[in-house]
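See below for the structure under consideration.
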Amino acid sequence: MPYDPDHPPAKKFKPGSVFFRLDKQKPGMLLPGKAKATTPIDVQRKQLPIYQARAQLLSQLRQLHNAILIGETGSGKTTQIPQYLYEAGIGRQGLVAITQPRRVAAISLAGRVAEEKGTQLGKLVGYTVRFEDVTSPETKLKFMTDGMLLREAIGDPLLLRYTVVVLDEAHERTVHTDVLFGVVKTAQRRRKELGKIPLKVIVMSATMDVDLFSEYFNKSPVLYLEGRQHPIQIYYTKQAQSDYLQAALVTVFQIHQEAPPSHDILVFMTGQEEIEALARTCRDIAKHLPDNCGPMVVVPLYASLPPMQQLRVFQAAPKGCRKVILATNIAETSVTISGIKYVIDTGMVKAKRFNPDSGLEVLAVQRVSKAQAWQRAGRAGREDSGICYRLYTEQEFDHLIPMTVPEIQRCNLASVMLQLMALGIQDVMNFDFMSKPSPDAIRSAVEHLELLGAVERNNGQVLLTALGKKMSSFPLEPRYAKTILLSPNYACSEEILSIVSLLSVDSVLYNPPARREEVLAVRKKFMSSEGDHMTLLGIYRAFKKVSGNKEWCRENFVNSRNMGLVKDVQSQLREICFKLNLKLESCGADTGKVRQCLAHGMFINAAELQPDGSYLALDTHQSVAIHPSSVLFQAKPAYVVFNELLHTSRCYMRDLCLVDADWLLDAAPEYFGRKLRPTKS
DNA sequence: TTATTCCGG
C-alpha cells in the first residue's frame, strides 16, 4: 500500500487526540479515473473497467429476470449498462428506465449517455424529473428520479411501458427506492401471471446489503464489478474524544501546519450553527498563525445556504492558500468537490427519527453508521490517494451500526400508504417491504388516513375511498392534499394552493444568523397576527407583485430560488385541480375563510393553550411549544393548527395558524368529543 | 425562555 512519508500529520498531534496509522481499507473503495477530454468517446467507453466484463454481463443479463449489480463509483455501471442493454437489443420492445434518488443525477447522467451515443438529449436518451420531461416517442433509455417512476406507477402499476427497470444507488435506501422494490417485484409477478412481456429488474448498489437484496429478489444472482480506486489512509484517534468540535479544530490546524497548501480539507459536521461557529473560530485562529503557515480560506456548506454561496466550495483557493470546507452530510452524496485530499469525520450526523406513538419527529445528533463513515472517507482523494481522520477510536468505529437505518423505518408513512393503496395493492398492512417498518408505524399511518377520510375499513380490510383516490393524485402530504380538496367549500382555493405550495418547498425565508436584527426588522412589515400561513402568503404576494425581483428578495431576506419553486409547484397543483374539476377562486380580503379551511384540513395537528401558558397537542396530548421562528412566538393564541411537530431541544410546533375552537369541532365533532375546552367565541 | 440533517413528487 503506497504511503506518502512526506507528511505524516499524525505524529505531532496534541495530547488527547493522537492518531495512529491504519492500513485498513474499505473493500473495493473505488474512484473514478477521469478520461482525457481529447480521447474519442468510444475509446473512453472501452477504457472503463466495466468494459472488460461486457460480454459476460450481457449473457447473464439476457437470461436473468433479476440481477443485483455491485460496483463502486467509477466502474461505469450507471452510464454503460443501459447502453449495453440497448446495443445488445435487450428489452427493445419497450423502454429501459434507470432510476436515481436525485434530480441532478438523473439529468446529468442522461446528458452524458446521450453524448456517448452521439444523439440529442430527449431523443434516444432522455430524462424525466418533476417539472421536466425531456423525452420523446423515440426515447428508449430513460433516466428518472425514483419518485417519478413511483408517480407513473399510480397510473400504470404493471409499468407496461418498460421492459427493464434499473434501480440505481439502491444502497441509499430512500423511501422511494424502497417502495419501488415492492412495486417492481409485484409488477414482475403480475406480468408473468397475465402472460405480458416480462419485466427485467436490475438493482445496482455500492457494496453492502448484498444478501438482503438478493434474498428479496428471489435469491437473484449477484454480479460484482471492479472499479478504479485510489488508496485512502484511515486514522483513528487513540482515545475517545469528548468534544468532537474541539478535535476537529485541532485536526484542521494540525494538517494545515504540515501538509502542502494545495491539499484541501473537507470536514463533516452536523448542522448550520455548528458549522458557522467553527468557521468563525478557524478564521480567527488563521489570522494569528506563524509566518511559516500559509493563509486559509474557510468555506461553509449546507443545504440552506443560498446557491451563490454554495458555489464557493468549487472555487479553487488562491495559490499558496488552503481551502477548508465545513460541510453537513450534503457533501456525502449530493455535492461532489474535487481536489479534496483530507477528510475529517466527526462521526456525527443530524438525522430525523419518527415515533409512531407520539407522531413526533425527532431531529437529533447521532453517530453515523459504518457505511456512512466509509462514504465520507471515500470523499478524500477522488482523483488521487487521500487521507481520512476519524475523530473517534477504532473501537468506537467497530461499535457503529453497519448500515444506516433505511428511511422507510424512520419516517411518517401516511403518504407511502396512500400511494400503495392508489397502486391497487390489496393488503397494505402486509406489503412486501424489503425492510419492514414497524407494525405500529403502519397502523398509525392508516389511522391518520382514516381520520382524513382517505380510507375506510370494511371487514378488517382497508379500502381507499373516492376522496383518498383524489388525494393520491397530488404530489403532497395527504393532509395538504385534503386541505386543497376542501378549499372550494370555503371559496378560497387560490389562497390554499399558494399556501400549500409555500409549505411544500424548503423555507422561502432566509435567516442568516449573523444578521438576525436586520432580518427581524425587515420581517416585521409582513407579520400577520393570524399566523405563519398568512404571513407567508403575504410575502408570496409581495414577491409576485415585484415579479420576483432579485434585489427585492435580497433586501427582504427571501430565498428567490425556493420562491421560484413555489410557482412551479403551484402551477403543477393547479393543473391537477383542473383535471379534478375543482373550482378555483379567491376569497379576497376574507382571510378568515382561509384559516377556517386550514383548521378543517389540519385538525389532527391542533394545539390548545393551557392555563399555565404551555400548549397541549390535542391529538397525542403531548406538551408542545411554539417554535421561535413563528410569528406567533410572542403571542398566546387559544387554539392553533400547526404543520409539523419537531423535537429538537424541546418539542416545537412549526408554522402555526390561529384558529377558532368551533372550526375544529365542526371539522371533526366525534374526534374531538370533549377534547376541547368550552369555546369562548 | 428562543432555532431548521438531507432528499423527493
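Any value given below was found using the heavy atoms of this structure, including those in side chains, with hydrogens, waters and symmetry copies removed. Throughout, a chain's letter reflects where its sequence line sits, starting with A, and its residues are numbered from 1.
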Lys/Arg-Asp/Glu bridge criterion (N-O < 4.0 Å) met for Arg161(A), Glu152(A): yes
Which ones in residues 641-650 of chain A lie close to DNA chain B, meaning a heavy atom under 4.0 Å from one of its atoms? Thr648(A), Ser649(A)
What contact category does Leu476(A) fall into here, base, sugar-phosphate, or nothing, at under 4.0 angstrom with non-hydrogen atoms? base
Run the side chain to side chain contact (heavy atoms under 4.5 Å, CB included) test against Glu276(A) and tell me which residues pass, sequence neighbours left out. Gln272(A), Arg280(A), Pro300(A), Tyr302(A), Leu305(A)
Any residue meeting side chain to side chain donor-acceptor pair (under 3.5 Å) with Ser108(A), in chain and number order, not counting sequence neighbours: none
Sequence neighbours left out, what passes side chain to side chain contact (heavy atoms under 4.5 Å, CB included) with Ala635(A)? Give chain and number order. Leu632(A), Pro637(A)
At the 4.0 Å heavy-atom cut-off to chain A, mark where contacts on DNA chain B begin and end, going 5' to 3'. dT2(B) to dG9(B)
Sorted by chain and number, sequence neighbours left out, side chain to side chain contact (heavy atoms under 4.5 Å, CB included) with Pro437(A) holds for Ile408(A), Leu413(A), Phe433(A), Ile442(A)
Can you list every salt bridge (Lys or Arg N to Asp or Glu O under 4.0 Å) pair that touches residues 624-634 of chain A, not counting sequence neighbours? none
Can you pull the salt bridge (Lys or Arg N to Asp or Glu O under 4.0 Å) pairs that have at least one residue in residues 566-578 of chain A, sequence neighbours excluded? Glu494(A)-Arg574(A)
Would you please name every residue forming a salt bridge (Lys or Arg N to Asp or Glu O under 4.0 Å) with Arg650(A), sequence neighbours left out? none
Checking all strands, does Asp146(A) fall into the base, sugar-phosphate, or nothing category for heavy-atom contacts under 4.0 angstrom? nothing
Which residues pass the side chain to side chain contact (heavy atoms under 4.5 Å, CB included) test with Arg103(A), sequence neighbours left out? Val129(A), Arg130(A), Phe131(A), Glu132(A), Thr145(A)
Show which side-chain atoms of residues 556-564 of chain A pair as donor or acceptor with protein atoms under 3.5 Å away, not counting sequence neighbours.
residue: Asn556(A); atom: OD1; partner: Lys525(A); partner atom: NZ; Å: 3.1
residue: Asn556(A); atom: ND2; partner: Trp552(A); partner atom: O; Å: 2.8
residue: Asn559(A); atom: OD1; partner: Arg561(A); partner atom: N; Å: 3.1
residue: Asn559(A); atom: OD1; partner: Asn562(A); partner atom: N; Å: 3.1
residue: Asn562(A); atom: ND2; partner: Asp506(A); partner atom: O; Å: 3.4
residue: Asn562(A); atom: ND2; partner: Ser507(A); partner atom: O; Å: 2.9

Within residues 170-181 of chain A, which residues have any heavy atom lying less than 4.0 Å from an atom of DNA chain B? His176(A)
